[in-house]
Structure formats: structure tokens, C-alpha cells
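A short write-up of the structure that comes next.
Not measured: the values here are computed from a predicted model. One-based numbering along the sequence shown.
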Amino acid sequence: MLSLLFSAFTPSSTAADANRPPGPAAQPAFSADDFDWRDMLPYLFDAAALPGEQGIQAVLENSKVLRVYVTNEVRTECSPHKTPCAATVDSSTLDKEVSKRIDEIVQEGMVHRHKLAIVEYKLTRQPFPFSEIAAVKSEKNPETYVTLSLAGRGYTAADVQAKYGAPYDTDVVQWYSVFKYRLDNPHYTSKAVFEIDPVDGAVIKVAVSVKVKKSKNH
């Protein structure tokens with residue numbers, strides 16, 4: 001399924017941490033290394049139990065990458081010559097505005113294909129470490145997926161291994177290399193697949209999946 005997601009989606013990205021204090025002060029740059037696929041697992045697991053559209057909304061509203069990106073967009077829209085906006089009020093107001101915009105992204109971008117609920121959203125405002133995010137929720141099974149496409153060539157296979165250790169498996173798909181990681185959990189299986197350019201080692205895309213395990217009582 002993850003390999004199908006790689007071929008089905010174009011560049012992606014997610015954002016977040018809307019709890020930072022608002023204001024015109026420069027914010028620390030968000031980098032690809034600030035993303036950690038393991039942080040996504042709890043809310044991907046929760047979303048897997050929800051119906052398609054609700055699951056997608058839960059995934060994207062909790063996505064750190066998307067919240068960071070949308071927060072940056074809201075702040076950019078503010079200027080001394082404009083009337084006060086959400087980014088200049090307080091963190092609670094900013095957080096609500098970010099959630100509202102993510103809800104709009106879900107409503108406008110939702111499509112249904114092959115028993116999958118899908119939202120793909122391009123992160124066009126650059127510089128930003130990611131260029132697109134896609135969330136996928138199976139409408140047949142308790143499974144949730146997220147793909148993120150990298151915007152540049154600065155995040156490499158060496159960075160991935162420095163953070164997560166050696167992959168449990170590697171592969172070659174079409175022209176690119178693949179690093180595979182997984183975490184065991186009593187309630188679900190989770191995997192992260194990093195798509196890597198074999199020429200320069202740059203990470204092109206990452207896909208994360210959570211599949212709920214069937215209860216042994218059934």
C-alpha cells in the first residue's frame with residue numbers, strides 16, 4: 001500500500017506547533033529534521049477508527065507539519081498596514097484560525113477513490129522543507145496513511161539513519177531506493193517508508209501508515 005501511495009501522490013508537506021507565542025518576532029525555522037514520523041502514530045491510530053472524512057480531518061488537524069505551514073501563512077498575511085489579524089492577537093486565537101483553515105483544506109480537497117478518502121494539499125509557500133502533504137483513510141479497513149514530499153535536497157539518507165538508526169529493510173522501487181522502519185505496538189502496526197534518490201542520497205518522500213490490529217477476542 002505504501003508503494004502505491006508513493007506512485008499515486010505528488011510532493012507533500014505538514015505543519016504545526018501553533019502554541020508558540022504570537023507576534024511579529026521571527027520564528028525559528030522549521031526543518032525536515034523537526035519532523036518525526038513516530039510522533040504521528042497516536043493520532044493516526046485514533047483516526048483509523050473514524051469514518052473516512054472524519055479520519056482525514058483528525059489526521060490533518062493534528063499534523064505538526066501542516067499546522068506549522070498554515071501558522072506561517074496566517075502570520076505572513078499580517079502587516080502593520082492591515083487590521084489586526086489572528087496572528088497578532090493571542091495563541092488561542094491563532095490556534096483556532098489554523099484549525100479553521102485546515103478544516104477548509106479538508107472540505108475543499110476531499111476526494112473518494114477506490115474506497116479511500118484522500119486529501120492532497122500542496123505547500124506552495126516557500127521556503128518550507130516540504131512541498132506537499134497527502135492524507136489517506138481507508139473507508140473499508142481501519143488504516144490511515146500520510147505522505148510528505150520534500151521540497152529540497154538537503155535532507156538525506158544519512159540524516160534519516162542518524163535520527164532513526166538503521167532501517168529494518170531496504171528496497172529498490174523503480175529508480176529510487178527505499179528505507180523502511182516500523183514500530184511494534186499491541187494495538188496497531190506502523191511503518192515509515194523513506195523514498196531516497198540513490199544519486200545524491202536526498203530524501204524525496206516519506207510515507208507513514210498505521211493499521212489497527214484485529215482484536216484477539218473476535
(message) Could you check whether any side-chain heavy atom of W37 comes within less than 4.5 Å of a side-chain heavy atom of L183, counting everything from C-beta outward?
(response) yes
(message) Less than 4.0 angstrom from a charged side-chain N to a carboxylate O is my criterion; do E120 and R113 meet it?
(response) yes
(message) V208 and side-chain contact (heavy atoms from CB on, under 4.5 Å): which single residue from V193, L41, L148 fits?
(response) L41
(message) Could you go through Y188 and K211, starting from their C-alpha distance and side-chain angles, then the distance that decides it, and tell me whether this counts as side-chain contact (heavy atoms from CB on, under 4.5 Å)?
(response) CA-CA 5 Å; Y188 58 81; K211 298 181 181 181; 6.0 Å; no
(message) In the structure I gave you, are the side-chain heavy atoms of V206 and T147 within less than 4.5 Å of one another anywhere?
(response) no
(message) When you compare the side chain of E143 with that of V210, does any pair of heavy atoms fall below 4.5 Å?
(response) no
(request) Give the C-alpha distance, both sets of side-chain angles, the deciding distance and a yes or no for side-chain contact (heavy atoms from CB on, under 4.5 Å) between H112 and E139. (result) CA-CA 9 Å; H112 298 269; E139 297 181 313; 2.7 Å; yes
(message) Less than 6.0 angstrom separating the ring centers of F194 and Y164, yes or no?
(response) yes
(request) Flag the pair Q54 / K137 as yes when at least one side-chain heavy-atom distance between them is below 4.5 Å, and no otherwise. (result) no
(request) Indicate yes or no: does D197 engage R153 in a salt bridge with an N to O separation below 4.0 Å. (result) yes
(request) Indicate, with yes or no, if the rings of Y168 and Y181 have centres closer together than 6.0 Å. (result) no
(request) For K163, look at atom NZ and say whether over 12 heavy atoms of other residues, nucleotides or ligands are found less than 6.0 Å away. (result) yes
(message) Could you report the tightest heavy-atom contact between V212 and A48, atom names first, then the distance?
(response) CG2-CB, 3.6 Å
(message) With side-chain contact (heavy atoms from CB on, under 4.5 Å) as the criterion, how do Q161 and F179 come out once you've worked through the C-alpha distance, each side chain's angles and the decisive distance to 0.1 Å?
(response) CA-CA 9 Å; Q161 292 192 81; F179 281 10; 3.6 Å; yes
(message) I want to check something: taking the side chain as every heavy atom from C-beta on, are I196 and I204 in contact at a cut-off of under 4.5 Å?
(response) no
(message) Whether R101 and E77 form a salt bridge (side-chain N of Lys/Arg under 4.0 Å from carboxylate O of Asp/Glu) is what I want to check.
(response) yes
(request) Count the heavy atoms belonging to other residues, nucleotides or ligands that lie under 6.0 Å from NZ of K213, then report whether that count exceeds 12. (result) yes
(request) Report yes if the side chains of T156 and V203 come closer than 4.5 Å at any heavy-atom pair, otherwise no. (result) no
(request) State whether a side-chain donor-acceptor pair under 3.5 Å links D95 with S92. (result) no
